[in-house]
Amino acid sequence: MTMDALAALCDRIASAAARTRKLNLLADYLRTLDDGDLARAVRFLSGSPLPDGRKLSVGAATLRAAAASATGWDLELIRFCSRVAGDSAEIIALLMAGRSAGLPLSLSGAEQHLLALAAERSKARKQKLIEQWLLAYAPLTLKYLLKTLTGMLRIGLQAKLVEEAIARASAQPLELVRAASNRSGDLAEVALAARHQTLDRIQARLFHPLDFMLAKPLESMPDGVLDSGPWWVEDKYDGIRCQLHAAHGKVRLFTRGQEDVTASYPDLTVPLSAIHPPLILDGELLVWRDGAPQSFNALQQRLARKRLTPALLAECPVAFIAYDLLYAGQTLLLNEPLERRRALLESLPLQPPIHIAPQRRLASPQELDALFEAARARRNEGLLLKRAGSLYEAGRRGGAWIKVKRALATLDVVITAAEQGRGRRATMLSDYTFAVRDGSRFLNIGKAYSGLTDEEIRQLTRLLKSLATERFGRVVLVRPEVVLEVAFDGIQKSPRHKSGFAMRFPRILRWRKDKPPEEIDTLDRVREIYVASL
DNA sequence: TATGTCTGCCCC
DNA sequence: ATTCTGC
DNA sequence: GCAGAATGGGCAGACATA
C-alpha cells in the first residue's frame with residue numbers, strides 16, 4: 001500500500017463532514033492493509049508517525065524554507081501564500097505541481113524518510129532532505145507527508161477517532177480497544193492486537209507511561225454537580241503533571257505528552273532509586289524551596305535543559321507532589337475506587353523530595369470559596385475536586401475530577417492590530433493585539449482570539465478592515481477604537497509587549513461596544529494587579 | 001565572543 | 001493552557 | 001458530552017549577525 005493512497009484517503013476524510021462517515025472511510029481502509037502498513041498508517045494518522053516517539057524538530061518554517069530553496073520562489077511570497085491558505089504544507093504541495101517527479105511512495109518508504117529526518121541533527125541538512133522529497137513526490141502525497149511533520153493533519157480526525165476506527169475495522173468493542181490503548185501506549189500495537197483478537201494480552205508495563213486522567217473545568221461556581229454526592233478536595237498545584245515509575249532501583253518520569261524526562265531531574269529521580277517495590281505515582285512536578293512550591297516560571301527554567309549546572313539545581317530544586325497511586329503490589333489500581341488508591345498511597349514510605357498532596361472531604365459546596373482562597377494563599381492555582389468512589393479514568397476528561405480556577409482579573413483594552421487567521425479562519429482577522437492606556441498612548445499588553453463566536457469574528461473583521469491604517473504582511477494596524485474585556489490568569493513582566501507586561505491565558509470575555517477607548521484600563525492599573533499578585 | 005532573532009515545544 | 005463548533 | 005481545531009505565553013537552544 002502506498003503513501004499516495006493514504007493521502008487520497010486523508011483528502012476524502014477531510015471532506016466528509018460527519019464523523020461516522022470519517023470513521024467508516026478509515027475503517028474500510030485499515031481492513032485492506034497488511035500488518036506492517038496497518039501499524040504505519042495508524043501511526044501516521046494518530047499524529048505520532050515515528051515508532052518510538054522520536055522528535056522530528058521540524059516545523060512549518062523549515063518546510064517553507066525548503067520549498068523556497070526547491071522552487072526558487074521568494075520566501076516572503078511563500079509565507080504570504082501559506083498565510084492566505086492557512087496551511088504551509090498545503091500550499092507547498094500545490095507549489096510543487098508540475099515540478100516534482102511524481103514518483104510513487106510506499107508507506108514504509110515514507111516511514112524511512114521520517115526516520116532519516118529524525119536522525120539528522122543539523123537543521124540545514126534536515127531542510128535538504130525535505131527539498132529532496134519535494135522534488136520527488138506527487139503534490140497530494142507531499143501534502144500529507146508534510147502535514148505529518150507538523151503533527152497537524154487537520155482532517156477532523158485524530159488519535160481518538162483512530163481508536164474508534166480500529167474497533168470498527170476489527171469488530172472489537174471500543175471499550176476494549178481504549179483500555180488496551182491505555183495499557184499499551186502504542187496505537188499501532190493495539191491495531192495489530194485488535195486485528196488478531198489478542199487485545200487482552202496487552203499488559204500495562206512499568207516504565208511505559210499510562211494515559212492521565214484529566215479534570216474538567218467548572219464553568220460556574222454554584223453549580224448543581226457538587227450536590228450529587230461526596231467529594232474530596234485538594235489544592236491544584238501549578239507545575240507539570242507527571243507520572244513517576246519506580247521499581248528495583250530504577251526510576252522513570254513521564255510528562256502528560258508521554259515524554260520521558262527522567263534525565264532532566266536527577267535531583268528528584270536519583271534519591272528515589274532506593275525504592276524497590278514497583279509503583280506508579282501520579283502527581284505534579286514543582287520547584288520546591290524552603291518547604292513551599294515555587295512559581296511555574298521557576299520550573300520552566302528546568303524544562304528542556306541540555307546541560308544541568310549545579311547553580312541551576314541549587315536555585316530551582318524540584319519535588320514531586322503525589323496525589324494518586326496507579327500501580328502497586330504487582331497490581332494496576334485504575335479500577336480501584338479513589339479512597340482505596342489514596343489509602344495505599346498514604347501507606348507507602350515516601351520521603352522528600354516526594355510529598356503527598358493533602359486531601360480532605362468537602363463538607364458542602366459553600367465551603368469552596370474559603371478553600372479556594374486558602375489554596376491561593378498557599379500560592380497554588382486553585383482546587384481539584386474528586387468525586388468519592390470514582391475510578392481512575394485514564395485518558396478521559398470526565399466529570400469525576402473537576403478543576404476550580406478563577407481569572408486573576410479582567411481588563412478593558414483596545415484593539416491596536418489584527419492578524420489573519422489560519423485554517424478555516426484564514427479569511428478572517430481572528431487574532432487581536434490589544435493595549436492598555438498610558439496617558440494619551442496605547443501600549444500593547446497581549447493577544448487573544450478565543451472567547452468570540454465565529455459570527456462576532458466576522459463582524460469584527462469587517463469593522464477592523466475599515467479602521468486599518470497600515471499593513472505589514474499578515475498584520476493590520478488599526479485605529480484604536482474597538483474595546484474588549486479580557487480575562488487572564490496571571491500577569492508578569494515581559495519584553496514581549498510595549499507595556500512591559502504579558503498575560504497568562506488571555507481570553508476575550510466580551511466586545512464592549514458600550515465603552516470608548518479613552519475609558520479603558522491604564523498601565524497603572526496593570527501595575528497594581530501585578531504587585532498584588534506577587 | 002557577545003548579542004539578537006527565530007523556532008519548536010519534556011510545558012502551562 | 002482556553003474556547004468555540006459540529007456531531 | 002466528546003473530539004477536533006485554532007489560538008495564548010514562556011522558555012532553552014539553535015542559528016544569524018555584529
Atom-pair distance ([atom1] on [X]; [atom2] on [N]), nearest Å:
{"X": "A/Leu56", "N": "B/dG8", "atom1": "CG", "atom2": "P", "answer": "11 Å"}
{"X": "A/Glu284", "N": "B/dC11", "atom1": "CD", "atom2": "P", "answer": "12 Å"}
{"X": "A/Leu429", "N": "D/dA6", "atom1": "CG", "atom2": "C1'", "answer": "15 Å"}
{"X": "A/Tyr432", "N": "D/dG9", "atom1": "OH", "atom2": "P", "answer": "15 Å"}
{"X": "A/Ile13", "N": "D/dG4", "atom1": "CD1", "atom2": "P", "answer": "12 Å"}
{"X": "A/Asp489", "N": "D/dG9", "atom1": "CG", "atom2": "P", "answer": "14 Å"}

Strictly under 3.5 Å: I want the nitrogen or oxygen pairs between protein and nucleotides 15-18 of chain D, one per line.
from   : atom 1 : to       : atom 2 : distance (Å)
D/dC15 : OP1    : A/Lys123 : N      : 3.4

Given [options], the nucleotide with the shortest approach to the side chain of [X]:
{"X": "A/Arg507", "options": "C/dT2, B/dG8, D/dG4", "answer": "C/dT2"}
{"X": "A/Lys306", "options": "D/dC11, D/dA14, B/dC11", "answer": "D/dA14"}
{"X": "A/Arg422", "options": "D/dC11, D/dT7, C/dC7", "answer": "D/dT7"}
{"X": "A/Arg305", "options": "B/dT7, D/dG13, D/dG9", "answer": "D/dG13"}
{"X": "A/Lys216", "options": "D/dG9, B/dC12, D/dC2", "answer": "D/dC2"}
{"X": "A/Gln300", "options": "B/dC12, B/dG8, D/dC11", "answer": "D/dC11"}
{"X": "A/Asn297", "options": "D/dC11, C/dT2, B/dC11", "answer": "D/dC11"}
{"X": "A/Pro506", "options": "C/dT2, D/dG8, B/dC9", "answer": "D/dG8"}
{"X": "A/Lys403", "options": "D/dG10, C/dT2, D/dC2", "answer": "C/dT2"}

Indicate whether any N or O donor in one side chain lies under 3.5 Å from an N or O acceptor in the other, for A/Ser184 and A/Asp186. no

Side-chain H-bond candidate by donor/acceptor type, A/Arg507 with A/Ser450, under 3.5 Å: no

Phosphate OP1/OP2 of [N] contacted by [X] side-chain N/O (<4.0 Å):
{"X": "A/Gln158", "N": "D/dG4", "answer": "yes"}
{"X": "A/Arg178", "N": "D/dA3", "answer": "yes"}
{"X": "A/Ser494", "N": "D/dG10", "answer": "yes"}
{"X": "A/Lys405", "N": "B/dC12", "answer": "no"}
{"X": "A/Arg504", "N": "D/dG9", "answer": "no"}
{"X": "A/Gln492", "N": "D/dG9", "answer": "no"}
{"X": "A/Ser430", "N": "D/dT7", "answer": "yes"}

side-chain hydrogen bond (donor to acceptor under 3.5 Å, both in side chains): pairs with one or both residues in residues 410-421 of chain A, sequence neighbours excluded: A/Thr410-A/Glu485, A/Asp412-A/Arg512, A/Asp412-A/Lys515, A/Thr416-A/Asn444, A/Glu419-A/Lys447, A/Glu419-A/Arg474

Comparing A/Leu214 and A/Ala18 on DNA chain C - which has the more 5′ nearest nucleotide: A/Leu214

Dot-bracket line, read 5' to 3' along DNA chain D, where crossing pairs take [ ] and | marks a partner on another strand, Watson-Crick or G-U under 3.5 Å: ||||||||||||||||||

Once side-chain hydrogen bond (donor to acceptor under 3.5 Å, both in side chains) is applied, do any residues pair with A/Glu90, and if so which ones, sequence neighbours excluded? A/Lys147

Under a 4.0 Å threshold between the charged nitrogen and the carboxylate oxygen, would A/Glu164 count as salt-bridged to A/Arg19? yes

For A/Arg422, is there an ion pair with A/Asp87 - N to carboxylate O distance below 4.0 angstrom? no

Is [X] positioned over the aromatic face of [Y], cation under 6.0 angstrom from the ring centre and no more than 45 degrees off axis?
{"X": "A/Lys403", "Y": "A/Trp401", "result": "no"}
{"X": "A/Arg406", "Y": "A/Phe372", "result": "yes"}
{"X": "A/Arg504", "Y": "A/Phe296", "result": "yes"}

Between side-chain atoms of residues 315-324 of chain A and protein atoms elsewhere (two or more places apart, or another chain), which donor-acceptor pairs fall under 3.5 Å?
from     : atom 1 : to       : atom 2 : distance (Å)
A/Tyr323 : OH     : A/Arg241 : NE     : 3.0
A/Tyr323 : OH     : A/Glu284 : OE1    : 3.4
A/Asp324 : OD1    : A/Arg341 : NE     : 2.8
A/Asp324 : OD2    : A/Arg341 : NE     : 3.4
A/Asp324 : OD2    : A/Arg341 : NH2    : 2.9

Within residues 446-464 of chain A, residues whose heavy atoms come under 4.0 Å of DNA chain C: A/Tyr449, A/Ser450, A/Gly451, A/Leu452, A/Thr453, A/Asp454

Closest non-hydrogen atom pair, A/Leu285 against A/Cys242: CB-SG, 3.9 Å

Touch check for A/Ile508, heavy atoms < 4.0 angstrom, all strands: base, sugar-phosphate only, or nothing? nothing

Enclosure of A/Arg205 CZ (heavy-atom neighbours >12, cutoff 6.0 Å): yes

Determine the sole option in A/Arg178, A/Gln258, A/Arg396 for which the side-chain contact (heavy atoms from CB on, under 4.5 Å) test with A/Asp211 is passed. A/Gln258

